[in-house]
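Quick note: residue numbers are just sequence positions, from 1. Note that the coordinates shown come from a computational prediction; the quantities given were computed from them, not determined experimentally.
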Amino acid sequence: MTEWTLPETFAGSTGSVRWNRLGEPGRPPLVLLHGTPFSSYVWRAVARSLARDHQVFVWDMPGYGMSQMSAGQDVSLAAQGRVFTELLAHWGLTEPVVVAHDFGGAVALRAHLLHGAAYRALALVDPVALAPWGSPFFRLVREHAEVFERLPPALHGALVREYVGSASSPGLHPAVLERLVRPWLGERGQAAFYRQIAQADQRHTDEIQDRYPAIGVPTLVCWGEDDAWIPVAKGRELAAAVPGARWEPVPGAGHLVQEDAPAELTAALLAFLRRLA
């Protein structure tokens with residue numbers, strides 16, 4: 001698969017953040033946020049397409065992908081919202097377009113609603129935003145993270161591959177699956193995988209859910225119609241909660257819309273961006 005690198009480093013409050021920018025300076029800024037247990041790698045195709053007309057910023061959240069993973073690290077949604085606000089200031093972005101997937105949606109929403117991050121527009125792709133959330137597997141691991149952390153490496157690797165693979169409806173290319181799983185392997189990666197699940201707490205979306213009607217920027221809600229992690233009904237509920245939000249279901253796509261239907265998702269994002277002009 002085409003190589004994906006994040007050559008830049010930002011010293012965030014909860015650990016170093018690896019990031020990159022694509023596209024020519026001076027073009028309208030657009031920031032992409034990944035979810036869990038993924039990384040900015042899932043945005044590679046969409047990012048390169050959007051970089052034709054935008055300066056696109058990509059990053060791995062602390063505790064994910066190429067960014068710092070360390071014992072005792074705060075990788076909660078609350079911490080990620082603060083780090084994203086710090087990162088926007090570091091980049092000097094005052095009103096970027098923000099496109100966020102899964103937990104990244106909650107991070108973007110918290111930064112906007114709690115920390116005053118200003119956006120030109122917001123596109124949410126299968127975000128974690130409405131209670132209740134967390135699959136039975138997710139809840140089981142969160143309640144017994146210290147037990148799962150001690151799994152033999154081979155069993156842990158099989159578990160992560162099965163879990164990540166279930167985010168796709170048609171199934172992931174084997175090379176893509178291995179690239180997504182790679183950061184979670186080894187002693188450091190295994191501990192980081194269960195750390196981020198153990199710190200996932202619904203109260204971090206409960207704190208902002210009642211504020212969605214106050215969102216005043218143009219908003220797009222995209223959802224894979226075959227999402228097995230968060231039902232498509234949650235997407236319709238979210239779109240109804242945000243004034244004027246545009247609803248865009250993506251047929252044939254599961255939770256990882258970027259992998260299942262990158263062309264369709266890119267087309268939806270480009271149509272949304274054209275309306276901002």
Side-chain angles (χ1 to χ4, degrees), residues 6 8-23 25 28-36 38-40 42-43 47 50 54-70 72-125 127-130 133 192 195-196 199-221 238 242 245 276:
L6 302 177
E8 306 294 337
T9 302
F10 167 68
S13 57
T14 64
S16 62
V17 173
R18 298 291 295 275
W19 65 275
N20 196 12
R21 74 183 101 203
L22 299 79
L30 184 149
V31 184
L32 297 169
L33 286 80
H34 67 83
T36 183
F38 313 111
S39 68
S40 61
V42 300
W43 284 118
L50 295 179
H54 292 78
Q55 188 174 33
V56 178
F57 293 77
V58 293
W59 62 297
D60 284 353
M61 292 188 287
Y64 293 78
M66 302 179 200
S67 290
Q68 181 176 338
M69 298 177 176
S70 55
Q73 187 176 23
D74 187 352
V75 294
S76 66
L77 283 172
Q80 305 291 3
R82 293 192 299 271
V83 170
F84 182 47
T85 307
E86 297 168 2
L87 196 52
L88 290 174
H90 174 71
W91 289 332
L93 303 183
T94 54
E95 282 193 338
V97 172
V98 172
V99 182
H101 175 245
D102 185 74
F103 264 34
V107 171
L109 287 165
R110 287 184 64 89
H112 182 59
L113 295 170
L114 299 182
H115 304 299
Y119 305 152
R120 171 69 180 90
L122 177 62
L124 299 168
V125 183
V128 173
L130 298 173
W133 52 263
R195 183 182 306 119
Q196 51 92 18
Q199 293 184 28
D201 194 326
Q202 185 179 292
R203 67 185 173 88
H204 292 133
T205 54
D206 290 344
E207 290 171 355
I208 56 173
Q209 185 169 329
D210 290 342
R211 303 189 185 202
Y212 297 160
I215 296 174
V217 299
T219 301
L220 171 70
V221 179
L238 178 61
V242 178
L276 302 178

- [ ] Look at the side chain of R18 and the backbone N and O of T9, then say whether any donor-acceptor pair between them is shorter than 3.5 Å.
- [x] no

Open item on the list: Would you compute the distance between atom OG1 of T36 and atom CE of M61 and round it to the nearest 0.5 angstrom?
Closed with: 6.5 Å

TODO: Mark yes or no for whether H204, through its side chain, and S76, through its backbone, hold a donor-acceptor pair below 3.5 Å.
DONE: no

Task: Side-chain (E86) to main-chain (S13) donor-acceptor, under 3.5 angstrom - done: yes

TODO: Report yes if the distance between the aromatic ring centroids of F84 and W59 is under 6.0 Å, otherwise no.
DONE: yes

TODO: Keeping the roles fixed (side chain from Y64, backbone from A192), state whether a donor-acceptor pair exists under 3.5 Å.
DONE: no

Open item on the list: Counting C-beta onward and ignoring hydrogens, is there a side-chain heavy-atom pair between W19 and H90 closer than 4.5 Å?
Closed with: yes

Open item on the list: Going by the rule side chain to side chain contact (heavy atoms under 4.5 Å, CB included), which residues pair with A108 if we only count those two or more places apart in sequence or in a different chain?
Closed with: L33, V98, A100, Y119, L122

Task: Polar side-chain atom of R120 near backbone of L276 as donor-acceptor pair, under 3.5 Å - done: yes

Task: Flag side-chain contact, heavy atom, 4.5 Å: V83 against P62 - done: yes

Open item on the list: If I compare all heavy atoms of G81 with all of A111, which pair ends up nearest, and what's the gap?
Closed with: O-CB, 3.8 Å

Task: Heavy-atom closest pair, residues P127 and G105 - done: CB-CA, 3.9 Å

Open item on the list: Please give me the minimum heavy-atom distance between A47 and V58, naming the atom from each residue.
Closed with: CB-CG1, 4.2 Å

Task: Pair Q73-T14, side-chain hydrogen bond (donor to acceptor under 3.5 Å, both in side chains): steps then yes or no - done: CA-CA 7 Å; Q73 187 176 23; T14 64; 4.9 Å; no

- [ ] Say whether, by atom type as modelled, one donor and one acceptor occur between the side chain of H54 and the main chain of P29 under 3.5 angstrom.
- [x] no

Task: CG on L88 to CD on E95, rounded to 0.5 Å - done: 11.5 Å

Open item on the list: If I take atom CG from residue L6 and atom OG from residue S40, how far apart are they, to the nearest 0.5 angstrom?
Closed with: 4.0 Å

Task: Over all atoms of both residues, closest heavy-atom pair of D60 and V17 - done: O-CG1, 3.5 Å

TODO: Determine, step by step, whether L113 and I215 satisfy the side-chain contact (heavy atoms from CB on, under 4.5 Å) criterion, reporting the C-alpha distance in whole Å, the side-chain angles of both residues, the deciding distance to 0.1 Å, and the verdict.
DONE: CA-CA 8 Å; L113 295 170; I215 296 174; 4.0 Å; yes

- [ ] Please lay out, stage by stage, how L220 and L124 fare under the test side-chain contact (heavy atoms from CB on, under 4.5 Å).
- [x] CA-CA 6 Å; L220 171 70; L124 299 168; over 6 Å; no

Open item on the list: Does either side chain, that of W133 or that of T205, offer a donor lying less than 3.5 Å from an acceptor on the other one?
Closed with: yes

Task: Atom pair CG (L109) and CD (E207), whose distance is rounded to the nearest 0.5 Å - done: 13.0 Å

Task: Between CD on residue Q209 and CZ on residue R203, distance to nearest 0.5 Å - done: 15.5 Å

Task: Minimum side-chain heavy-atom gap I208-L114 below 4.5 Å - done: yes

TODO: Considering non-hydrogen atoms only, spot the tightest contact between L130 and L238 and give its length.
DONE: CD1-N, 3.6 Å

Task: Close aromatic pair by centroid cut-off 6.0 Å: F57 and W43 - done: no

Task: Gap separating the NE2 atom of H112 from the OG1 atom of T85, nearest 0.5 angstrom - done: 11.0 Å

- [ ] Report yes or no: does Q199 contribute a side-chain atom to a donor-acceptor pair with the main-chain N or O of V75 at less than 3.5 Å?
- [x] yes

Open item on the list: With a 4.0 Å cut-off on N to O distance, would you call R82 and D74 a salt bridge?
Closed with: yes

Task: E8/R21 salt bridge by N-O under 4.0 Å criterion - done: no

Task: Any donor-acceptor pair under 3.5 Å from Q55 side chain to L22 backbone - done: no

Open item on the list: The test is side-chain contact (heavy atoms from CB on, under 4.5 Å); show your working for H34 and F103 and say whether it passes.
Closed with: CA-CA 7 Å; H34 67 83; F103 264 34; over 6 Å; no

TODO: Would you check if L30 and V99 make a side-chain contact, meaning some heavy-atom pair closer than 4.5 Å?
DONE: yes

Task: Expected output: side-chain D102 to main-chain G104 donor-acceptor under 3.5 Å - done: no

Open item on the list: Quick one: does any side-chain atom of S70 pair with a main-chain N or O of Q68 as donor and acceptor, under 3.5 Å?
Closed with: no

Task: A118 to P96 - nearest heavy-atom pair and separation - done: O-CD, 3.4 Å

